*Asks:* 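Dropping a structure here in structure tokens format, bear with me for questions.
These numbers were taken from a predicted model, which means no experiment stands behind them. Residue numbers run from 1 in the order of the sequence given.
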Amino acid sequence: MNRLILLRHPLLPLSVATAKLPLQPFPQTYYSYTRTRMNSEISHGVPSPLTTAEFCATNKGLSTKKCIPCNTKDLQPMTQDEACTLLPQVADWNLVNEDGILKLRRSWKVKTFTKGLEFFGIIADLAEAEGHHPDLHLVGWNNVTIEIWTHSVGGLTQNDFILAAKMNELNLHCLLRRKASN
């Protein structure tokens with residue numbers, strides 16, 4: 001008798017464990033295909049990113065979307081107003097402006113130093129799956145801060161909000177102190 005046993009890592013969201021096989025950690029994408037968009041994609045070979053207005057209009061859940069390659073020619077940094085439109089969809093993240101560069105920032109307090117390193121390992125796995133890598137900071141022995149911005153364009157893009165939303169869905173509570181800080 002054959003049995004299928006589905007195991008999930010306890011820190012990944014439940015939706016990953018219940019996905020249909022073959023199991024991919026984050027299989028969704030956010031490309032919108034219209035006739036004109038497809039013609040442009042055929043000539044360039046890479047899907048065009050959505051404008052922020054299109055992205056917001058089709059945005060049912062950032063965590064179900066997939067980051068697009070950062071070397072896409074059409075990828076442009078968002079304005080502060082565009083970023084403020086998406087900010088409510090990534091709870092607990094702050095919009096910061098450092099020397100004219102917009103970034104998303106969030107901080108946590110972990111239980112121990114080694115829990116902080118474990119926290120980073122989980123974030124690193126997600127970042128690798130998305131092909132989009134945040135700046136990770138472990139300050140002191142238990143203060144974790146993550147900054148997300150698209151280095152190649154010098155500011156925020158849709159990718160940054162997608163990654164922040166996916167981080168919010170991770171079950172990291174066993175690594176954190178009872179009350180997280182911002």
Side-chain angles (χ1 to χ4, degrees), residues 8-17 25-28 30 49-50 52 55-56 59-70 75-182:
R8 81 171 176 94
H9 190 282
L11 299 178
L12 288 178
L14 188 56
S15 60
V16 172
F26 309 101
Q28 297 83 11
Y30 75 88
L50 300 174
T52 302
F55 183 75
C56 289
N59 185 23
K60 300 299 180 202
L62 287 170
S63 63
T64 64
K65 301 182 186 307
K66 176 98 175 114
C67 294
I68 62 171
C70 292
L75 198 61
Q76 297 293 321
M78 291 181 172
T79 64
Q80 187 160 354
D81 290 340
E82 292 171 325
C84 287
T85 302
L86 288 174
L87 193 59
Q89 298 178 49
V90 287
D92 301 322
W93 288 85
N94 299 304
L95 183 63
V96 295
N97 186 336
E98 283 186 356
D99 301 322
I101 297 173
L102 292 176
K103 301 177 182 183
L104 292 176
R105 181 181 293 153
R106 185 170 174 193
S107 297
W108 296 264
K109 283 198 179 284
V110 291
K111 291 179 180 177
T112 65
F113 179 78
T114 54
K115 295 287 186 193
L117 297 177
E118 188 177 338
F119 183 99
F120 282 165
I122 294 164
I123 297 299
D125 290 342
L126 172 62
E128 279 297 306
E130 288 299 312
H132 194 58
H133 305 94
D135 294 341
L136 307 174
H137 307 274
L138 180 58
V139 181
W141 60 272
N142 71 336
N143 298 304
V144 172
T145 300
I146 296 180
E147 290 181 335
I148 308 174
W149 58 293
T150 305
H151 299 79
S152 62
V153 300
L156 286 174
T157 64
Q158 298 153 0
N159 288 349
D160 304 308
F161 286 90
I162 291 169
L163 188 60
K166 289 185 179 197
M167 285 182 193
N168 280 354
E169 283 200 347
L170 295 174
N171 183 5
L172 301 169
H173 299 291
C174 65
L175 304 174
L176 303 177
R177 289 188 163 215
R178 288 189 181 245
K179 183 174 179 171
S181 66
N182 285 333

*Asks:* Rounded to the nearest 0.5 Å, what separation is found between the CG atom of Leu156 and the OG1 atom of Thr150?
*Replies:* 7.0 Å
*Asks:* Kindly determine whether Trp93 and Met167 satisfy side chain to side chain contact (heavy atoms under 4.5 Å, CB included), including the steps that lead there.
*Replies:* CA-CA 10 Å; Trp93 288 85; Met167 285 182 193; 3.7 Å; yes
*Asks:* Give every residue pair that meets the salt bridge (charged side-chain N to carboxylate O under 4.0 Å, His left out) criterion with at least one member in residues 149-158, sequence neighbours excluded.
*Replies:* none
*Asks:* To check you understand the geometry: which heavy-atom pair defines the closest contact between Ile146 and Pro134, and what is its length?
*Replies:* CG2-CB, 3.7 Å
*Asks:* Please give me the minimum heavy-atom distance between Pro77 and Thr157, naming the atom from each residue.
*Replies:* CA-CG2, 4.5 Å
*Asks:* Spell out, as yes or no, whether a donor-acceptor pair under 3.5 Å connects the side chain of Asp92 to the backbone of Arg106.
*Replies:* no
*Asks:* Please determine whether side chain to side chain contact (heavy atoms under 4.5 Å, CB included) holds for the pair His132 and Ile148, giving the CA-CA distance in whole Å, both sets of side-chain angles, and the decisive distance to 0.1 Å.
*Replies:* CA-CA 9 Å; His132 194 58; Ile148 308 174; 4.1 Å; yes
*Asks:* Any chance you could lay out the side-chain hydrogen bond (donor to acceptor under 3.5 Å, both in side chains) test for Asn143 and Ser107, step after step, and finish with the verdict?
*Replies:* CA-CA 7 Å; Asn143 298 304; Ser107 297; over 6 Å; no
*Asks:* Is it the case that the side chain of Lys166 and the backbone of Lys65 share a donor-acceptor pair, with hydrogens and angles ignored and the cut-off at 3.5 Å?
*Replies:* yes
*Asks:* Measure the NE2-CG distance between His151 and Asp135 for me, rounded to the nearest 0.5 Å.
*Replies:* 4.0 Å
*Asks:* What pairs of residues pass the salt bridge (charged side-chain N to carboxylate O under 4.0 Å, His left out) test when at least one of them lies in residues 138-149, not counting sequence neighbours?
*Replies:* Lys103-Glu147, Arg105-Glu147
*Asks:* Side-chain contact, heavy-atom cut-off 4.5 Å: Thr145 with Val139?
*Replies:* no
*Asks:* Are the side chains of Phe119 and Leu138 in touch, meaning some heavy atoms are under 4.5 Å apart?
*Replies:* no
*Asks:* At their closest point, which heavy atom of Leu104 faces which heavy atom of Ala164, and how far apart are they?
*Replies:* CD1-CB, 4.0 Å
*Asks:* Give, for atom CG of Leu175 and atom CG of Asn142, the distance between the pair rounded to the nearest 0.5 Å.
*Replies:* 12.5 Å
*Asks:* Minimum heavy-atom separation for Leu62 and Ala165, please, with both atom names.
*Replies:* CB-CB, 3.4 Å
*Asks:* Any non-hydrogen side-chain atom of Glu98 less than 4.5 Å from a side-chain atom of Trp149?
*Replies:* no
*Asks:* For Thr85 and Pro88, work out which heavy atoms get closest and say how close.
*Replies:* O-CD, 3.5 Å
*Asks:* Under a 4.5 Å cut-off applied to non-hydrogen side-chain atoms, are Leu86 and Met78 in contact?
*Replies:* yes
*Asks:* Which pair of non-hydrogen atoms, one from Leu170 and one from Ile123, has the smallest distance, and what is that distance?
*Replies:* CD1-CD1, 3.8 Å
*Asks:* Any chance you could measure Asn168, atom CG, to Leu163, atom CG, to the nearest 0.5 Å?
*Replies:* 10.0 Å
*Asks:* By side chain to side chain donor-acceptor pair (under 3.5 Å), which residues pair with Gln80, not counting sequence neighbours?
*Replies:* none
